[in-house]
Structure formats: C-alpha cells, structure tokens
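Every heavy atom of this structure was used, including side-chain atoms; hydrogens, water molecules and symmetry mates were not. These numbers were taken from a predicted model, which means no experiment stands behind them. Below, chains carry the letters A, B, ... as their sequence lines are ordered, and counting in each starts from 1.
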There are 2 protein chains.
Amino acid sequence: MAATVERMGRSSRAPRRRSIKDVADLAGVSVGTVSNVLNKPALVAEETRIKVEAAIASLGFVRNGSARQLRAGTSQTVGAIVLDISNPFFTDVARGVEDRLAEDDHILILASSDDRLDKQHRYLRLLEEQGVQGVLVSPASNDLTWLDQTRARGTAVVLLDRPSPSPQICSVAVDDVKGGDLAATHLLELGHQRIGFVNGSTKIRQCADRRKGVRKALRAAGLRIADSLVETTVSALNADGGEEGLERLLRVSEPVTAIICANDLTALGVLRGLRRRRISVPEQMAVVGYDDVEFAGVLTTPLTSIRQPRYQIGRAAATLLLNEAGSRTHRHEQVLFQPELIVRESSGPPAR
Amino acid sequence: MAATVERMGRSSRAPRRRSIKDVADLAGVSVGTVSNVLNKPALVAEETRIKVEAAIASLGFVRNGSARQLRAGTSQTVGAIVLDISNPFFTDVARGVEDRLAEDDHILILASSDDRLDKQHRYLRLLEEQGVQGVLVSPASNDLTWLDQTRARGTAVVLLDRPSPSPQICSVAVDDVKGGDLAATHLLELGHQRIGFVNGSTKIRQCADRRKGVRKALRAAGLRIADSLVETTVSALNADGGEEGLERLLRVSEPVTAIICANDLTALGVLRGLRRRRISVPEQMAVVGYDDVEFAGVLTTPLTSIRQPRYQIGRAAATLLLNEAGSRTHRHEQVLFQPELIVRESSGPPAR
DNA sequence: CTGAAGCGGTGAAACCTTTCAAGAATCCGG
DNA sequence: CCGGATTCTTGAAAGGTTTCACCGCTTCAG
C-alpha cells in the first residue's frame, strides 16, 4: 500500500481570471449588455449578441459565481448532509437528488456527518456561509433546535429519511413500520409460526419502527408475541452482528423457523453462520433481509429483502427543497414512501 | 412504492440575512474590526473581541461566503467529478477526500459524470463558476484538452484513478499492472498452471493494465501464455457478465483450475455459476476477485481479492490539490499506490 | 527630549456581477 | 418631415466582505 512518487514537474499558473469587463471591452459594448447576453439573451439584438458571444469564446470567459450570487442574492447550490456516505442507501439517494437538481441547473454539495452532531453542525454552518438555497439533512440526533435557527436565517430545510415531527417542516421518509409488517406477514403467509428478529438498538428510529411493524403483523395474525417472536439486539448492524444474533437465536429452547434481519449486511452474517452449521436455506431456515442492497440478488442464495425507493426519495426531497426555496408561499409536505417486498430464494415454507 | 402526502403546513420565511455591518453597529465598532475578529483575532484587543463575539452570537450572524470569496479571491470549496457515485470505490475515495479537506476547513462539491463527457464538461463549468480552489477529476475519456484550458483559467486539477500522461499534471492512481500480477502470482504459487481470466474490454484502461500484469506474471514463471491463460471478454462487469464468462471458460477443451475476475461483482457471478454446477470452491476451482469490496469477506465462500487503498487515494488526491491550489511554486506529483492481495477461502491449491 | 515603533482601531476602496432608470437609435404612420 | 412608439444599449448603483493606508495615542531607545 506504499505510495511512490514517480515523476515531477514544475508549475506556473495564470494570474487573473477574465471578467465581464474584459469581454465588454473586446466586444465593444458595455458590461450591462454582456450581462444581458448571459442572462436575458432575448433582450439583445442578434448582431450584438453574436459579437459578445464571440468575445466570450475567444477569452474563455467563465462567470464569477460569487459576484453573481452576491448581487443576485440567489445561488445555484444545494447542500445535503447524510449520515454515512459509504452507505449505498445514501449514495443512491444522493444520485436522485443530484439528477433532480441538474434539471434546474443546480449542483449538490454533499457532506457526511458520520452520525456525529458536531460534524453535522460544522457542515451546516459552512453550507449556510456558502449561501446554499437549502439543505437536505438526515439528522444525527433527535434534537432539531438547529432547524428553526437555520430557517430563521433564510435557508430552507428538508428532512431526509426521517418523518417530520411538525407540519411546518418538509420531510421525505420511508414507512419503516410497514416494512417490518411486510417482512413478517410474508413469513406468516409461508406458514411460519415462530420467527426470530435480529435487530439493532431501538434508540435508532428505523429499528424501532421496523420492530413495531413486525409485532403488529404477528398480532394481526392472531398470534401472541411471547410465543411467536424471539428478538435479539445486536450492537453492530453488520455481518459479524448477524452471526452473533444467529448464535443467540439458535440457543433458544423452542427453535425459530425463520429470521428477519434489520438490514442486508446482518442477513449476510446470518446466512454465513447457517452455512457453517450446515443448516440449509430456505429449507431448514428462512431468512429475510432489509434494504435490498445491490448484492442481495447475487448471493449464492439470493436474499429476500425489503426494498426502499432510494433514488425516488432523493428526487422527491430535491423537488421539495427547490420548491420551498423558490416560492414564498410554500406548502410544507411530508412525503412517506412505501417499502416493497422482494421475494427471492432465501425464504420458503417451514420444514414439515 | 407509491408516495403519500400526509400533512401540510404553510411557511413564511425570514426577509434578510444579517450582515457584518449589523454586527458592527450592535457592538459599537467598525466593520473592519468585525472582519478582524473573524479572520485575525490576534490583532484585536481582548475586550473588543468579546464585545463583537457577543454581538455575533446574539444576532445569529453567519458570514456571507460569496462576498468573502469575491473580495478575498479565494474559496473554501473543492470539486470532484467521479465516474459513478454509486460505485463503492468512488464513495470511499470521496470519504478520504472529504476528511482531508475538513482538516483545512474546506468542503467538497461532489458530482458524478456517469462516464459521459457532456456531463463532465457541464459540471466542470459549474464548478469553475463556483470558484472552486480546484477539481479532482476521474476523466470520462482519454481526451484531456479541457485540462489545459481549465488550468489556464486558474483552477487546479488533479487526476483521480488515472495516471497522468505528463509530468506537468498531478495524479493519484493505483498500479493495476501490479494488481494483475499479484492475482496471477498468487495462483501460480498455489500450483495452478492453467488459469482463466474473465476480463472487461481492453479499451478500459484498468482492464488493459490488469491483463498486462497477469500475462507478465505467467511469463515470469516461465509459462507460455498460449498454454497457461484462457481469456474471455465480457461486455458487462457485473454478476451476469461473470456467469457468462464462466460458461465460456468451462467449454474450453483443456479445463482451467483457477479463475481471475476483473472485479468482485464479476467474481460473484462466477461463484454463483460454480455453485449451480456443484463445482466446489476452492477445491475444484479457485477464484480471485478484484477491488475487495465490502461484502467480499462476508460471502458464503469469502473471496480472495485485490484491495486498493481507496480512502488513502482520496486523501492523497485532496492533499495534492490543496497544495497545488495553495502555492505558486508547486511541484507536480504523480502518486501511484500499490494494490494488495487479500487471501481468503476462495483460493486454494488445484485438485490432485 | 526626540523619533520611531507598537497598538487598536477606522473608513474607504476594491472585488465582479446584476439590475434598472434613462438615454440613443431606429422605425412607423400620418 | 415630425411625433411618438419601439427596440437596444448604457452607466451607475448596489450587494457584503476583506484589505490596507492611516490615525492618534503610548512606550521605549538613544
């Protein structure tokens, strides 16, 4: 992993950027006209426009965004603060945001708070200084006092992957209760009566909601929670956490015939542990994941999972933000997407 | 996947942002002094500083980045244009970039060109307008004429994941020839004499380089390429491509005992195909992937792969860029990282 | 006692663009 | 050929920050 420096060279850089004035001088018009060519081409005569455009091209002129923004009072940037940029969920959301912004010629400043409040605040401040039109935030804590302050200073805010606590705040999220319900109902319909649930801490909103959904489904099927659900909480929602959870579930006296996992990485660990113990999937144990990450379908045993419309979430959030930043009389909206069950080979009926 | 709007509310937003002048008035000092408090606190007397800081806090003042940048001529932003923001490789690189930039209080504007030249150029222009200190670009084509123009206008450029064609250009990349060599050498040391290679088009630089490395290793071991290497080119470097490549390799008269894959997704397809045919890994067929993506180690048969120092690549690129943008007498550097072989269970000696 | 340097702060210029009232040029019908 | 409408273009102001020459005072070395 050692880096090697191969070759070197010296640099000398250009001194000063061309300004609109340089263009005006070259084209023999005033700066106002150049500005009009740039922003309201319809106002300027064909002939003049061509002259100016030629000057722009020959100088390689590029607008100075700062001056533009300072004067016009409006910027072309939007900020997003996500919890973890390495998480494919947020990456896909970001892609949706970016695509939507591109349609309005805006660009995205993407930052990752790593679930830390201090980083979230630091980025929030930097983005405000940049004069972003607004920010999409996947909040790192339940404390939302910063939100009012930020909005009071004129920066629009849309909550990402977190339902809004108030009708005064825009948000885009997914119905995690429904997701848990879908997973459990699917297994119940296959005939399972006793289900294991490898979950994360209920302090995490997503985990708490998914748990709620699972329990709801069991009750709706007329089962007693105490008889039909074996829950285990793991500290890390990754493959190792999954193996650990599996181990605990297998030690329970009355064994489960199916396992729901809080996310696909956890499910991966469960699958790995089952394979090591030569417990076949889905014949001896059904497994359902959550997130439907890209590799879920290409595992040696393709994984049944709950899909969230990640790209659409991003698009919706961007749309809301552009709308909120754009109009003075904006109607705040709370968008709630529905998750979807993707059935693959890892789930089947329980053994006879 | 249908979205539902749950509740609504109306908005009313603040009229005007606080300026440095408001702070000065409240604190009873001049704007120059406030500016000094902000930028050179050492220059201003303790007492005055405290007064000003109190005023800033009580007004909730946030610097206007545009005005600052316009006057100071320097910004706090850096742009990055990557080929695919959904690719974990680039995500991890981005994280490295971001972390490094944070140390210097800079922020990252991240854009994805999706391998399209038009998008690359569009983003390049927008970033220039924003007045970024510089851009990290993973180029979408071999045409680098834009680079000189961009630099002539004063924007620093560092190539990402592409070795620089000239000593006048900074770049950070990984030695893909070495990576191919590592994979092949590993298999040769295990005793394999006849190896399959599922590769992408050699038009892709990474694929061409890795192929070069594989062939080099075989020659170094005294083997004839014609006898020891069976190559197959697949159109898509994903799981389906892998299955397709595997199928072709298995049809060859003199069978291979090991397979090298152009990336881990391809390897996933190969593994899946082998499993379906009940060919055991690694006993009957050894498999080596490339990239060491996160799930490589948690597959049902953990995958031997070639790791690239993604995070470090990002950090290095950011460092180079900050350096190039910062100093007038910058020495251009071409950093080449070395890949690393990660041995897991999918590779073993050939069957007797 | 003098001149220079240090201190803490001031106020105006400069950065580059957009905006807009007003002026110039052109064109039309009468 | 004129008055007036229409179409283009101009010039200057405005926007918020940083920078820098400068000011009046104190301190200190010579």
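For B/L70, counting side-chain heavy atoms from C-beta on, the closest listed nucleotide (C/dC16, C/dT18, D/dT18) is C/dC16.
Each of A/V31 and A/T48 was matched to the nucleotide of DNA chain D holding its nearest heavy atom; the match closer to the 5' end belongs to A/T48. Each of B/G32 and B/N64 has a nearest nucleotide on DNA chain D; the 5'-most of these lies closest to B/N64.
Listed pair A/T33 / D/dT10 meets the phosphate criterion, a side-chain N or O lying under 4.0 Å from OP1 or OP2. Contact annotation: B/S35 side-chain N/O to D/dT18 OP1/OP2 distance is under 4.0 Å. Residue A/K40 has a polar side-chain atom (N or O) positioned under 4.0 Å from OP1 or OP2 of C/dT19. Proximity of A/R63 to the phosphate of C/dT18: a side-chain N or O atom is located under 4.0 Å from OP1 or OP2.
Looking only at side-chain heavy atoms (C-beta outward), A/S112 and B/E98 come within less than 4.5 Å of each other. The side-chain heavy atoms of A/D115 and A/K119, taken from C-beta on, include no pair separated by under 4.5 Å.
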Between B/R153 and A/R18, does the side chain to side chain contact (heavy atoms under 4.5 Å, CB included) criterion hold? Intermediate values first, please.
CA-CA 8 Å; B/R153 286 190 287 261; A/R18 303 300 193 169; over 6 Å; no
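Within 4.0 Å of A/V29, counting heavy atoms only, lie sugar-phosphate atoms of the nucleic acid but no base atom.
In this structure, B/L83 and B/F90 approach most closely via the heavy-atom pair CB-CE1, 3.8 Å.
Under 3.5 Å, the side chain of B/R71 and the base of D/dT18 form at least one donor-acceptor pair of N or O atoms.
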